[in-house]
Participant: 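Once you've had a glance at the structure underneath, I'll fire off some questions.
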Amino acid sequence: MKLWGGRFTKETNQLVHNFNASISFDQKFYKQDILGSIAHVTMLEKQHILTTDEKEKIIAGLKGILEDIESGGLEITAEHEDIHSFVEANLIDRIGEPGKKLHTGRSRNDQVALDMKLYTRDEIVELNDLLKELLSVIHNIMKENTASFMPGFTHLQKAQPVTLAHHFGAYFEMFRRDRSRLRDIYDRMNYCPLGSGALAGTTYPLDRDYTAKILNFDGPTLNSMDSVSDRDYLIELLSALSTIMMHLSRFCEEIILWNSNEYQFVDIDDSYSTGSSIMPQKKNPDIAELVRGKTGRVYGALISILTTMKGIPLAYNKDMQEDKELVFDAIDTVKGCISLFTGMIDTMKFNKETMEASAKNGFTNATDAADYLVNHGVAFRDAHGIIGQLVLTCIDKNISLDELPLAEYKKISPVFDEDIYEAISMKTCVEKRNTIGAPGEQAMAQVLSINEKYLMES
Ligand code: ARG
């Protein structure tokens with residue numbers, strides 16, 4: 001059934017129907033469409049636009065449709081243009097005349113704007129929960145690894161020693177910001193467009209505050225033309241999702257490196273790895289690579305919707321139907337990626353000795369060795385030069401600064417004494433860094449308790 005056949009004298013060309021139809025994808029929000037309609041008729045009855053009997057029949061019919069779709073008893077079929085037409089046609093089949101009043105004071109333009117907002121809101125809640133699970137796993141790994149030393153890198157060159165807890169803590173911050181971005185989007189988008197009609201409101205005495213309230217919005221939107229053509233919140237969401245993917249992708253890249261034969265910092269669990277069809281020795285980090293790869297797809301959705309929206313005059317235009325497949329795919333992709341990533345790091349083994357040895361052998365304590373000299377009255381620039389020479393000696397002998405005999409130290413500067421070894425141990429290097437945000441145990445304990453509280457309260 002078409003909602004708009006009246007003024008037409010010819011049948012729609014089949015290809016046009018197929019091209020125009022959205023039912024293959026907008027059926028994803030059948031539930032939100034039905035709940036929106038229930039709220040709408042509840043308000044229509046309160047405003048005496050529908051009788052109580054009509055309202056009850058319509059709501060019973062809509063609930064029946066919802067139950068039948070969920071139990072598999074009712075199939076959403078492609079001859080309908082969209083989910084809105086499907087539900088309305090089905091309702092009229094079920095309850096007859098009162099069903100024809102469902103669409104009073106409403107247009108598909110404000111209806112689809114509502115459905116998409118309801119759907120997005122639900123998905124934001126799910127994304128938020130998935131990020132929380134990921135943060136909990138990161139938090140647990142951090143708690144266990146405040147004294148697991150590893151090299152910190154700049155330019156992918158070993159720089160200064162940090163701990164595994166500190167390294168993971170960086171990602172904790174990123175995913176915490178991602179959650180707060182989702183929260184912001186939720187708050188900003190949470191105004192109800194229903195009642196905006198096609199573009200200019202309606203002549204019926206709708207109570208838009210009431211509809212907004214029963215659908216848990218903070219209030220109605222304030223301009224009907226904007227309401228039916230606003231897709232800002234989807235752009236913001238795709239931007240937030242792109243940022244989540246960027247974070248996951250960076251983390252994946254590190255895990256791929258750490259899992260490589262060269263690093264051997266971690267072992268990805270067998271259950272999260274795949275093999276090669278030809279090389280029997282291989283255990284590949286495919287999951288991390290796929291998450292990294294799917295980032296492109298989510299960025300693509302963001303650019304796509306921005307481009308679609310850029311030249312559209314007010315108010316609703318059909319271009320906007322293009323928002324759905326992009327957003328649905330991006331949300332599903334990100335949800336899948338967060339879940340898989342969480343499982344992968346939760347089961348991953350850390351080769352702590354290898355990590356610590358790598359930090360020692362990479363001269364990550366060279367800055368601390370220079371600081372030792374500074375503490376003994378040498379100017380920093382001179383100290384830098386002295387340690388540089390010592391590093392050269394070590395490279396020559398293929399040893400670390402800890403393994404260099406005291407005599408060699410003294411040869412270059414008499415300031416050195418036996419306590420140099422203590423001063424440049426991984427433990428000391430990390431321990432001394434105790435300003436908030438640094439890897440030292442005290443500083444980390446402070447951050448861990450802030451994070452613990454955050455996880456409990458949000
Ligand atoms: N499927 C349409 C969309 O997603 C629903 C709104 C249709 N409105 C219209 N005036 N054709 O945007």
Side-chain angles (χ1 to χ4, degrees), residues 134-135 137-175 247-269 272-273 285 288 292 341-342 344-372 387 391 394-395 398-404 421-448 451:
L134 171 58
L135 283 170
V137 168
I138 293 177
H139 181 66
N140 289 338
I141 294 172
M142 287 172 71
K143 276 198 302 199
E144 284 162 24
N145 289 289
T146 53
S148 307
F149 306 115
M150 66 180 285
F153 298 85
T154 62
H155 315 273
L156 207 52
Q157 306 279 324
K158 292 176 194 176
Q160 288 173 345
V162 293
T163 64
L164 191 53
H166 192 241
H167 198 114
F168 268 58
Y171 287 101
F172 191 100
E173 296 302 312
M174 295 181 221
F175 294 121
H247 292 155
L248 284 175
S249 183
R250 292 181 72 180
F251 212 163
C252 282
E253 172 68 14
E254 297 205 302
I255 289 169
I256 293 162
L257 284 172
W258 293 352
N259 186 66
S260 69
N261 305 135
E262 278 66 27
Y263 277 75
Q264 295 181 29
F265 283 8
V266 299
D267 281 319
I268 299 176
D269 194 68
Y272 281 85
S273 309
R292 187 177 59 182
F341 185 85
T342 303
M344 181 177 72
I345 60 167
D346 200 20
T347 50
M348 200 162 74
K349 298 240 155 16
F350 298 96
N351 302 325
K352 297 178 194 173
E353 285 95 69
T354 314
M355 285 181 166
E356 183 167 348
S358 165
K360 275 189 191 158
N361 294 330
F363 305 107
T364 57
N365 46 6
T367 316
D368 295 79
D371 289 345
Y372 173 92
I387 303 300
V391 165
C394 287
I395 292 173
N398 199 17
I399 55 173
S400 65
L401 278 172
D402 322 45
E403 291 161 331
L404 190 70
Y421 297 106
E422 173 66 26
I424 61 168
S425 76
M426 288 297 114
K427 193 167 160 34
T428 314
C429 293
V430 168
E431 284 306 271
K432 276 193 167 164
R433 290 175 161 77
N434 261 321
T435 46
I436 186 86
E441 199 139 17
Q442 243 172 286
M444 278 308 298
Q446 229 176 315
V447 168
L448 281 169
N451 292 355

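Everything numeric here is computed off the predicted structure, so don't read it as measured data.
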Participant: For E403, check salt bridge (Lys or Arg N to Asp or Glu O under 4.0 Å) against everything at least two apart and list the hits.
Facilitator: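 In terms of salt bridge (Lys or Arg N to Asp or Glu O under 4.0 Å), with neighbours along the sequence ignored, E403 is linked to no residue.
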Participant: Quick one: are F251 and I138 in side-chain contact, heavy atoms under 4.5 Å?
Facilitator: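 Touching, per the 4.5 Å side-chain cut-off.
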Participant: Is the shortest side-chain heavy-atom distance between I395 and F363 below 4.5 Å?
Facilitator: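 Yes, side chains in contact.
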Participant: Starting from the C-alpha separation in whole Å, work towards a yes-or-no answer on side chain to side chain contact (heavy atoms under 4.5 Å, CB included) for D346 and N140.
Facilitator: CA-CA 9 Å; D346 200 20; N140 289 338; over 6 Å; no
Participant: Side-chain contact, heavy-atom cut-off 4.5 Å: N361 with I399?
Facilitator: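 Counting from C-beta outward, N361 and I399 never come under 4.5 Å.
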Participant: For the CD1 atom of I256 and the CD1 atom of I268, what is their distance to the nearest 0.5 Å?
Facilitator: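 Reported value, rounded in 0.5 Å steps: 7.5 Å.
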Participant: Please output the side-chain donor-acceptor pairs of residues 350-357 that fall under 3.5 Å, not counting sequence neighbours, one pair per line with the distance.
Facilitator:
{"residue": "N351", "atom": "ND2", "partner": "Q264", "partner atom": "O", "Å": "2.9"}
{"residue": "K352", "atom": "NZ", "partner": "N145", "partner atom": "OD1", "Å": "3.0"}

Participant: Give, for atom OG of S148 and atom CZ of F265, the distance between the pair rounded to the nearest 0.5 Å.
Facilitator: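 S148 OG to F265 CZ: 12.5 Å, rounded to 0.5 Å.
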Participant: Less than 4.5 Å apart, any side-chain heavy atom of V266 and any of I345?
Facilitator: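 Answer no - side chains too far apart.
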Participant: Do the non-hydrogen side-chain atoms of M150 and W258 ever get within less than 4.5 Å of each other?
Facilitator: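 Yes, at least one pair of side-chain atoms sits under 4.5 Å.
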Participant: Please report, to 0.1 Å, the donor-acceptor pairs under 3.5 Å made by any side chain of residues 431-442, with sequence neighbours excluded.
Facilitator:
{"residue": "E431", "atom": "OE2", "partner": "E441", "partner atom": "N", "Å": "3.4"}
{"residue": "R433", "atom": "NH1", "partner": "D368", "partner atom": "OD1", "Å": "3.3"}
{"residue": "R433", "atom": "NH1", "partner": "D368", "partner atom": "OD2", "Å": "3.0"}
{"residue": "R433", "atom": "NH1", "partner": "C429", "partner atom": "O", "Å": "2.8"}
{"residue": "N434", "atom": "OD1", "partner": "Q442", "partner atom": "N", "Å": "3.3"}
{"residue": "N434", "atom": "OD1", "partner": "A443", "partner atom": "N", "Å": "3.0"}
{"residue": "N434", "atom": "ND2", "partner": "E431", "partner atom": "O", "Å": "2.7"}
{"residue": "E441", "atom": "OE2", "partner": "T146", "partner atom": "OG1", "Å": "3.3"}

Participant: To the nearest 0.5 angstrom, please state how far the OG atom of S425 sits from the CG atom of N365.
Facilitator: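 CG of N365 is found 8.5 Å from OG of S425.
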Participant: Can you see which heavy atom on A366 is nearest to which on I387, and at what distance?
Facilitator: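 Closest approach of A366 to I387, heavy atoms only: O-CG2, 3.7 Å.
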Participant: Only counting residues at least two apart or in another chain, list the ones meeting side chain to side chain contact (heavy atoms under 4.5 Å, CB included) with Y421.
Facilitator: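 Counting only residues at least two positions away or on another chain, Y421 forms a side chain to side chain contact (heavy atoms under 4.5 Å, CB included) with L406, Y409, E418.
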Participant: Only counting residues at least two apart or in another chain, list the ones meeting ring pair (Phe, Tyr, Trp, His ring centres under 6.0 Å) with Y372.
Facilitator: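 With neighbours one apart ignored, the set is H376, F416.
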Participant: I need the minimum non-hydrogen distance between I255 and M344, along with the two atoms involved.
Facilitator: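 That would be CD1-CE, 4.0 Å.
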Participant: Any non-hydrogen side-chain atom of D267 less than 4.5 Å from a side-chain atom of M348?
Facilitator: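 No, side chains not in contact.
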Participant: To the nearest 0.5 angstrom, please state how far the NE2 atom of H139 sits from the CD1 atom of I141.
Facilitator: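 Taking NE2 in H139 and CD1 in I141, the distance rounds to 11.5 Å.
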Participant: Mind telling me whether Y263 and F153 have parallel, tilted or perpendicular rings, with 30° and 60° as the class edges?
Facilitator: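 It falls in the tilted class, 30° to 60°.
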Participant: Restricting to side-chain hydrogen bond (donor to acceptor under 3.5 Å, both in side chains), what partner residues turn up for D269, sequence neighbours left out?
Facilitator: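 Here the qualifying residues are S271.
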Participant: Identify, with sequence neighbours excluded, every residue that meets side-chain hydrogen bond (donor to acceptor under 3.5 Å, both in side chains) alongside T342.
Facilitator: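 So T342 forms no side-chain hydrogen bond (donor to acceptor under 3.5 Å, both in side chains) with any residue.
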Participant: So which pairs with a foot in residues 162-174 pass side chain to side chain donor-acceptor pair (under 3.5 Å), sequence neighbours left out?
Facilitator: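 Checked against side chain to side chain donor-acceptor pair (under 3.5 Å) - neighbours excluded - the pairs reaching residues 162-174 are H167-E254, Y171-E254, E173-R176.
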Participant: Suppose the criterion is salt bridge (charged side-chain N to carboxylate O under 4.0 Å, His left out): which pairs have a residue in residues 145-159, not counting sequence neighbours?
Facilitator: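 Non-adjacent pairs meeting salt bridge (charged side-chain N to carboxylate O under 4.0 Å, His left out): zero.
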Participant: How far does CE of M444 sit from CE of M142, to the nearest 0.5 angstrom?
Facilitator: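 It is 3.5 Å, given to the nearest 0.5 Å.
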Participant: To the nearest 0.5 Å, what is the distance between CG on L135 and CZ on F168?
Facilitator: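 Spacing of CG (L135) from CZ (F168) equals 12.5 Å.
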Participant: Does the side chain of Q160 pick up a donor-acceptor pair with the side chain of T364 at under 3.5 Å?
Facilitator: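 No pair is found: no donor N or O on one side chain lies under 3.5 Å from an acceptor on the other.
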